[in-house]
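Taking it in order: structure first as structure tokens, then the write-up.
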There are 2 protein chains.
Amino acid sequence: MRVSRKEAAANRERVVAVASALFRKHGFDGIGVSDIMKKAGLTHGGFYGHFGSKDDLAAEACTCALRGSWDSWINASEKGGFEAAVMNYLTPEHRDDRAHGCLFAALGSDIVRQPRTVRHAMTEGFRTTIDKLVRMLPGRSAQARREHALATMAGLVGALILSRAVDDSELSDQILEASAKTFGRPQV
Amino acid sequence: MRVSRKEAAANRERVVAVASALFRKHGFDGIGVSDIMKKAGLTHGGFYGHFGSKDDLAAEACTCALRGSWDSWINASEKGGFEAAVMNYLTPEHRDDRAHGCLFAALGSDIVRQPRTVRHAMTEGFRTTIDKLVRMLPGRSAQARREHALATMAGLVGALILSRAVDDSELSDQILEASAKTFGRPQV
DNA sequence: TGTACATCAGTGAACGCGCGTTCACTGATGTAC
DNA sequence: TGTACATCAGTGAACGCGCGTTCACTGATGTAC
């Protein structure tokens with residue numbers, strides 16, 4: 001059942017992409033190697049031909065999920081798109097689609113308990129995101145813009161996490177709306 | 001090896017308290033029934049005399065962790081203590097002591113994947129916290145105060161989660177400081 | 001109050017299951033001539 | 001280009017381990033007289 005090298009490389013990429021979605025949906029401990037492989041159209045036996053361990057895949061899946069992340073919310077508008085990005089982030093659609101949403105919101109409180117490689121991938125992705133946000137913010141000092149970006153990022157991630165955690169859809173909507181109002185307005 | 005009823009009740013309470021700390025530190029899936037019982041000074045066999053399942057304990061542990069929660073950060077000062085509460089919440093000490101810190105920051109992104117009972121306990125605790133925060137906020141309309149409380153709560157939880165996630169202590173401190181600056185000032 | 005018995009909180013061995021991981025095998029791919 | 005062989009991506013059974021859970025048992029507590 002050998003497969004061409006090109007196909008094998010594609011299989012590997014598919015596994016990483018599938019894993020990045022399933023980890024976000026079910027958590028690192030909530031999904032197994034076997035199910036990930038199955039969803040990628042393979043059997044679990046071939047897993048260790050591609051990855052050293054489940055943790056190794058987790059680190060790659062995080063990098064994959066972070067690559068080009070935030071582009072989905074940012075790209076809506078070009079300049080002065082800060083408000084738009086916030087609004088795109090804090091939507092019921094994003095809240096209800098964990099598998100393809102923000103990695104920090106999906107796995108945030110678990111990151112600290114993950115192996116070094118996973119935490120590092122997350123940290124680098126975080127830095128990149130902050131840089132993107134800083135570039136979207138209006139003038140002022142670089143220091144103030146960075147502080148604003150860091151606090152806004154915290155607000156967005158926290159709002160999405162809480163809106164998902166709560167078992168009352170009305171309260172969930174209120175969290176999103178209140179946060180959109182508060183963080184969507186560049187406060188001078 | 002029977003034990004008096006009073007002692008048995010105390011044992012039960014101790015298990016819940018220990019579990020609330022260990023779940024916050026290691027995550028729901030990161031700690032087992034056996035280790036929880038051991039840390040409470042018991043053996044795992046007696047667990048099902050007190051609880052129906054590990055999930056049942058998790059729900060009770062959440063309620064326990066939420067009871068009187070936020071009092072630790074709020075009680076510092078009485079009136080106008082909003083800023084003080086934010087400052088007390090966003091400290092390196094809180095960040096570095098997950099076991100006894102905010103439940104939402106410790107387990108936030110996992111809540112949505114937990115059974116109904118756990119989510120419900122969390123939601124009720126969230127409501128209580130928001131009410132407390134609303135009461136600390138200055139005048140304005142009830143609506144505006146509630147929105148401010150919701151967004152602030154999101155900011156605090158998100159900031160603590162991100163400051164823990166990141167593997168660079170300098171960046172971690174920056175997240176706390178920027179968030180303290182931003183959320184610690186009642187913005188009009 | 002003291003005695004005899006029933007209760008039941010806690011113990012530790014055991015069970016079953018699912019998970020991460022390993023391995024002998026297969027058969028199509030890649031390569032050497 | 002065609003043939004013969006080596007390679008190796010993927011398969012599926014199997015392993016070992018830890019986990020949640022169960023259970024027969026113990027012996028101190030609670031209770032009835």
Side-chain angles (χ1 to χ4, degrees), chain A residues 1-62 107 110 113-118, chain B residues 1-62 107 110 113-118:
Chain A
M1 311 241 179
R2 195 184 181 183
V3 130
S4 78
R5 285 178 188 161
K6 193 161 283 184
E7 205 170 334
N11 282 347
R12 196 196 135 96
E13 271 186 57
R14 189 150 25 83
V15 171
V16 173
V18 162
S20 90
L22 291 180
F23 281 139
R24 277 178 277 183
K25 186 168 187 188
H26 298 105
F28 290 117
D29 291 336
I31 192 79
V33 166
S34 193
D35 286 328
I36 292 170
M37 292 296 278
K38 194 182 293 174
K39 185 122 188 201
L42 300 166
T43 55
H44 68 277
F47 181 83
Y48 294 87
H50 287 301
F51 308 96
S53 66
K54 190 190 179 188
D55 283 343
D56 283 3
L57 171 64
E60 279 204 52
C62 286
L107 297 166
D110 264 336
R113 295 184 270 268
Q114 293 303 309
R116 233 176 261 99
T117 48
V118 172
Chain B
M1 312 241 179
R2 194 184 181 184
V3 132
S4 79
R5 284 180 190 159
K6 195 160 280 185
E7 206 170 335
N11 282 346
R12 195 195 136 97
E13 270 187 57
R14 190 148 26 84
V15 170
V16 174
V18 162
S20 91
L22 290 180
F23 282 139
R24 278 179 275 182
K25 186 167 185 188
H26 298 105
F28 290 117
D29 292 335
I31 193 77
V33 166
S34 193
D35 285 328
I36 293 170
M37 292 296 277
K38 194 181 295 174
K39 185 121 189 200
L42 300 166
T43 56
H44 68 278
F47 181 84
Y48 293 89
H50 287 301
F51 309 96
S53 66
K54 189 190 179 187
D55 282 344
D56 284 2
L57 171 64
E60 280 204 50
C62 286
L107 297 165
D110 265 335
R113 296 184 270 267
Q114 292 305 308
R116 235 177 259 98
T117 48
V118 172

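In what follows, chains are A, B, ... by sequence order, proteins preceding strands, each numbered from 1.
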Closest approach of [X] and [Y], non-hydrogen atoms and distance?
X	Y	value
B:Ser20	B:Ala17	OG-O, 3.0 Å
A:Lys54	A:Phe23	CE-CE2, 4.0 Å
B:Arg113	A:Arg24	NH1-O, 3.1 Å
B:Val118	B:Ala59	CG2-N, 3.7 Å
A:Ala8	A:Val3	N-CG1, 3.5 Å

Atom-to-atom span, [atom1] of [X] to [atom2] of [N] - whole angstrom:
X	N	atom1	atom2	result
A:Lys38	D:dT11	NZ	C1'	14 Å
A:His44	C:dC19	NE2	P	11 Å
B:Phe47	D:dG20	CZ	P	8 Å
A:Phe51	D:dG10	CZ	P	10 Å
A:Lys54	D:dC17	NZ	C1'	15 Å
A:Phe28	C:dG20	CZ	C1'	16 Å
A:Met37	C:dT22	CE	P	14 Å
A:Leu57	C:dT21	CG	C1'	14 Å

Sub-3.5 Å pairs of nitrogen or oxygen atoms, protein against nucleotides 3-9 of chain D:
from  : atom 1 : to     : atom 2 : distance (Å)
D:dT7 : O2     : A:Arg2 : NH1    : 2.3
D:dC8 : O4'    : A:Arg2 : NE     : 3.4
D:dC8 : O4'    : A:Arg2 : NH2    : 3.3

**Asked** Of A:Ala9 and B:Ser34, whose closest DNA chain D nucleotide lies nearer the 5' terminus?
**Response**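 It is A:Ala9, whose closest nucleotide lies nearer the 5' terminus.
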
**Message:** My understanding is that only one of A:Asn11, A:Val18, A:Leu42 makes a side-chain contact (heavy atoms from CB on, under 4.5 Å) with A:Met37; could you say which?
**Reply:**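 With A:Met37 as partner, side-chain contact (heavy atoms from CB on, under 4.5 Å) holds for just one option, A:Leu42.
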
Side chain of [X] - closest among [options]:
X	options	value
A:Thr43	C:dT11, D:dT11, D:dG20	D:dT11
A:Leu42	C:dT21, D:dT21, D:dG10	D:dG10
B:Val33	D:dG20, C:dT21, C:dG12	D:dG20

Rounded distance (nearest 0.5 Å) linking atom [atom1] of [X] with atom [atom2] of [Y]:
X	Y	atom1	atom2	value
A:Glu60	A:Glu13	CD	CD	10.0 Å
B:Phe28	B:Gln114	CZ	CD	4.5 Å
B:Leu57	B:Arg12	CG	CZ	8.5 Å

**Request:** Using a cut-off of strictly less than 4.0 Å, decide whether A:Tyr48 has a side-chain nitrogen or oxygen near OP1 or OP2 of C:dT22.
**Result:**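 Indeed not, no polar side-chain atom of A:Tyr48 lies that close.
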
**Complete:** Each base of DNA chain C marked ( ) or [ ] if paired in-strand (Watson-Crick or G-U under 3.5 Å), | if paired to another strand and . if unpaired gives .||||||||||||||||||||||||||||||||

